[in-house]
Asker: 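Below is a structure I'd like to ask you about.
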Amino acid sequence: MRSNGCGDLRKEHIDNSVQLCGWVDRRRDHGGVIFIDLRDRTGTVQITVDPDLGAEAFAVAEHLRSETVLQISGKVRARPAESLNEKLATGAVEVLASGITVLNSVKGNLPFPVSVHDEENTREELRLRHRYLDLRRKRMNDNLRLRAQTIQAARRFLEDEGFIEVETPVLTRSTPEGARDYVLPSRVCGGEWFALPQSPQLFKQLLMVGGIERYYQVARCFRDEDLRADRQPEFTQLDIEMSFMDQEEILQLNESLICSIWKAVKGIDLPRPFPRMTWHDAMERYGTDRPDTRYGMELTNVSDIVKDMGFKVFSGAVKNGGAVKCIAVPGGNEALSNVRIKPGGDVFSEAQKAGAGGLAFIRVRDGGEIDTIGAIKDNLSDEQKQELLSRTGAEPGTLLLFGAGDTATVNKALDRVRQYLAKELGMVKADRDNDQWNFLWVVDFPMFEFNSDENRYEALHHPFCAPNAEDLGSDASQWADTLPGARAQAYDLVLNGLELGGGSLRIHDSALQRQVLQTVGLPLEEAQEQFGFLMDALDVGAPPHGGLAFGVDRMVMLLAGEESIRDTIAFPKTQQARCLMTNAPGGVADKQLEELHVASTWVDPTEEDSN
RNA sequence: GGGACCGUAGUUCAACCGGUUAGAGCACCGCCCUGUCACGGCGGAAGUUGCGGGUUCGAAUCCCGUCGGUCCCGCCA
């Protein structure tokens with residue numbers, strides 16, 4: 001149907017007869033001559049329709065609207081010297097139309113404009129309802145191309161390294177721990193249920209037992225949890241697993257992978273090696289396991305300085321086993337008024353949202369004088385003051401913001417305040433303009449976290465991570481005691497404060513695997529019932545193995561400078577996990593439910609009262 | 001499950017502390033215009049202010065409920 005792409009035409013095509021297909025981006029009617037911007041996936045070119053040089057085409061062109069689908073035949077010619085368009089890649093030429101065929105027209109009003117010139121803030125609800133139109137817009141079209149490039153670059157790298165892509169089941173079984181499963185009734189096996197995979201974790205380990213040695217998969221994963229800007233109920237992981245590799249080798253290989261993706265997609269040579277930080281340091285210095293290292297304002301622990309002071313908020317926190325930490329905001333005295341850091345202020349409420357009771361502050365004035373509430377000032381000795389200033393590196397003009405309480409809450413609150421201030425004070429560029437790529441490996445995660453509500457240990461990562469051998473010790477009879485406090489051979493790749501991926505070395509010893517499952521509170525019989533196949537597999541010569549998985553949606557989001565993974569997914573769901581275009585989920589016929597041996601107990605709350 | 005914000009013409013927005021016939025840009029329709037490129041000029045049509053209720057002489061505006069969307073907390077190994 002066409003000889004060239006609209007956006008491909010250049011001077012060298014002058015005098016060529018061409019056929020083009022595409023959409024009317026815009027039409028400019030000068031009464032005598034009509035210009036049409038014709039757009040296809042390659043770009044836009046100007047079509048000129050002259051009544052003297054194509055009367056039939058002119059008659060059609062007179063009534064064209066935006067987004068009409070056209071086939072155009074004509075001749076490429078140079079534009080007059082005074083009407084070159086430097087803003088357009090094809091701006092040196094135009095196509096003089098001899099024939100215009102309308103392939104399809106737009107009936108009624110468009111739900112929203114498509115042209116790049118009209119890409120204003122369209123309500124996302126509308127974009128999702130008419131996603132096919134939204135995808136036609138440059139922004140989404142570009143994002144999907146960028147996504148394909150990203151995946152393509154990963155595939156090329158991994159294939160070159162001897163990895164093969166293996167598909168794993170989408171119909172699988174539910175496992176305890178982790179997120180809520182999407183569940184699917186079995187028609188054939190009445191009363192039994194499939195679950196959609198939260199990740200291919202166990203299957204990829206079994207592929208290692210199966211001698212694949214190097215596996216990857218662009219895998220769809222499913223988790224029935226509430227949504228966020230960076231969380232969808234179905235999402236895509238670049239899932240990788242390999243045998244006979246230690247942690248260092250795995251990190252190196254994945255750095256190479258990331259570098260080749262960034263090179264292919266952004267043309268950037270990332271500096272190597274990526275910095276590393278232990279989980280413990282990350283929590284201590286940033287209050288989070290995924291620090292954004294693009295800016296400073298690290299957390300300083302001042303618990304020891306204030307542990308005995310008269311200001312009970314501080315000393316009490318330390319006495320109760322908590323901590324007092326602070327962040328130093330350079331120039332904060334100038335930039336942040338008291339109104340903003342006191343109750344009701346925007347900075348204060350950030351801390352509050354993270355569960356903090358308050359946000360104490362000290363303003364450092366000229367000559368190291370401090371300005372703060374009396375309760376702090378009156379209870380701080382000169383020595384303590386000096387120590388505070390030197391440890392935080394505070395200079396005149398610096399604002400110190402303090403969190404006090406249990407350590408987890410303090411970390412959470414100050415992490416949140418730190419991120420908020422970085423944006424507020426312009427320490428990071430807007431996502432759209434970001435050109436800083438601060439990768440960071442966070443290593444040495446703890447194996448477990450104690451859940452005080454349920455009075456048991458939970459796997460921080462998942463219960464298949466291999467513990468650090470030193471922490472575990474060689475005496476298997478001691479594992480029940482050494483395991484809970486052990487570090488895992490687990491690692492996360494963090495980019496600009498977002499978790500891009502994570503993984504670990506896996507347990508390849510069935511006895512150790514049983515012990516870990518017991519530690520997270522799974523009785524032996526249940527472990528056998530749920531994971532017997534895994535333990536059996538480990539007993540037939542499982543190789544040492546490990547791997548990781550990257551969040552493809554997030555990676556593309558960062559590469560595209562978007563703030564939501566919905567803008568990297570062709571057909572995403574809303575926060576209510578609904579598709580506004582197809583209106584899924586929807587009802588099914590009673591007969592279908594019968595066949596599945598399922599009855600619904602759902603009661604429409606709006607009709608509940610009538611009973 | 002909880003907190004916050006949003007919903008006005010096809011669309012993007014406006015309409016102060018409740019007060020004439022709810023306005024504007026773009027899009028749409030008609031007319032004019034032979035070098036524009038987010039063309040320009042003149043004119044026109046277009047609204048159950050998401051929906052339901054309440055307060056009031058009077059509601060887009062205030063209150064309650066509800067539906068939908070977004071952000072966040074919980075949740076997400």
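Only this structure's heavy atoms are used, side chains among them; waters, hydrogens and symmetry mates stay out. Chain letters run A, B, ... following the sequence lines, proteins first and then strands; every chain starts at 1.
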Asker: Tell which nucleotide pairs with B:G52, taking only Watson-Crick or G-U wobble pairs whose two distances are both under 3.5 angstrom.
Answerer: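 Check on B:G52: paired to B:C64, both distances under 3.5 Å.
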Asker: Just N and O in the side chain of A:K412: are any of them under 4.0 Å from OP1 or OP2 of B:G74?
Answerer: yes
Asker: Can you find a side-chain donor-acceptor pair between A:E562 and A:N143 that sits under 3.5 Å?
Answerer: yes
Asker: Mind checking the C1' distance from B:U49 to B:U11? Whole angstroms is fine.
Answerer: 16 Å
Asker: Measuring to OP1 and OP2 of B:U70, would you say a side-chain N or O of A:R578 lies under 4.0 angstrom away?
Answerer: no
Asker: May I ask you to say what A:R228 touches in the nucleic acid, namely base, sugar-phosphate or nothing, with a heavy-atom cut-off under 4.0 Å?
Answerer: base
Asker: Taking the same atom, P, in B:U34 and in B:A45, what whole-Å distance lies between them?
Answerer: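 Approximately 28 Å lies between the P atom of B:U34 and that of B:A45.
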Asker: Heavy atoms only, 4.0 Å cut-off, all strands: where does A:I47 land among base, sugar-phosphate and nothing?
Answerer: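 No contact at all - A:I47 keeps every heavy atom at 4.0 Å or more from the nucleic acid.
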Asker: If the P atom of B:G23 is compared with that of B:C16, how far apart are they to the nearest Å?
Answerer: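 Their P atoms lie roughly 13 Å apart.
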Asker: Would you classify A:S115 as touching base, sugar-phosphate or nothing, given that sugar-phosphate means primed atoms plus P, OP1 and OP2, and contacts are heavy atoms under 4.0 Å?
Answerer: nothing
Asker: Distance check, C1' atoms only: B:G3 and B:A60, in whole angstrom units.
Answerer: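 Result for the C1' pair: 26 Å, nearest Å.
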Asker: Base, sugar-phosphate, or nothing: which does A:R416 touch, judged by heavy atoms less than 4.0 Å apart?
Answerer: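 Since only primed, P, OP1 and OP2 atoms lie under 4.0 Å of A:R416, the category is sugar-phosphate.
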Asker: Closer than 4.0 Å, any side-chain N/O of A:K353 to the OP1 or OP2 of B:C71?
Answerer: no
Asker: Grab the two heavy atoms, one from A:V93 and one from A:R79, that are nearest each other, plus how far apart they are.
Answerer: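 In this case the closest contact between A:V93 and A:R79 is O-NE, 3.1 Å.
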Asker: Who does B:C75 pair with, Watson-Crick or G-U, both distances under 3.5 Å?
Answerer: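 Pairing partner: none.
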Asker: Distance between the P atoms of B:U56 and B:U66, in whole angstroms?
Answerer: 23 Å
Asker: Does A:R123 place a side-chain N or O at less than 4.0 Å from the phosphate oxygens OP1/OP2 of B:U8?
Answerer: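 Yes.
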Asker: Check the phosphate of B:C76 against A:R180, side-chain N and O only, distance under 4.0 Å to OP1 or OP2. Yes or no?
Answerer: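 Looking at the OP1 and OP2 atoms of B:C76, neither is under 4.0 Å from any side-chain N or O of A:R180.
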Asker: Describe the nucleic acid contact of A:E458 in one word from base, sugar-phosphate, nothing, applying a heavy-atom distance below 4.0 Å.
Answerer: nothing
Asker: Would you measure the distance from the C1' atom in B:U20 across to the matching atom in B:C57 and give it in whole Å?
Answerer: 15 Å
Asker: Go nucleotide by nucleotide along RNA chain B from the 5' end; which of A:P111 and A:V33 gets its closest nucleotide reached first?
Answerer: A:P111
Asker: Distance between the C1' atoms of B:A24 and B:A15, in whole angstroms?
Answerer: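 Taking atom C1' in both B:A24 and B:A15, they lie 11 Å apart.
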Asker: OP1 or OP2 of B:U11 versus the side-chain N and O atoms of A:T122: is any pair under 4.0 Å?
Answerer: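 Checking B:U11 against A:T122, no side-chain N or O comes under 4.0 Å of OP1 or OP2.
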Asker: Determine which nucleotide pairs with B:A38, using a 3.5 Å limit on both distances of a Watson-Crick or G-U wobble pair.
Answerer: none
Asker: Taking the C1' atom in each of B:C51 and B:U12, what is the distance between them to the nearest angstrom?
Answerer: 23 Å
Asker: Can you spot which of A:R554, A:R566, A:R290 makes a salt bridge (Lys or Arg N to Asp or Glu O under 4.0 Å) with A:D230?
Answerer: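 Result: among A:R554, A:R566, A:R290, A:R554 is the only option passing the salt bridge (Lys or Arg N to Asp or Glu O under 4.0 Å) with A:D230.
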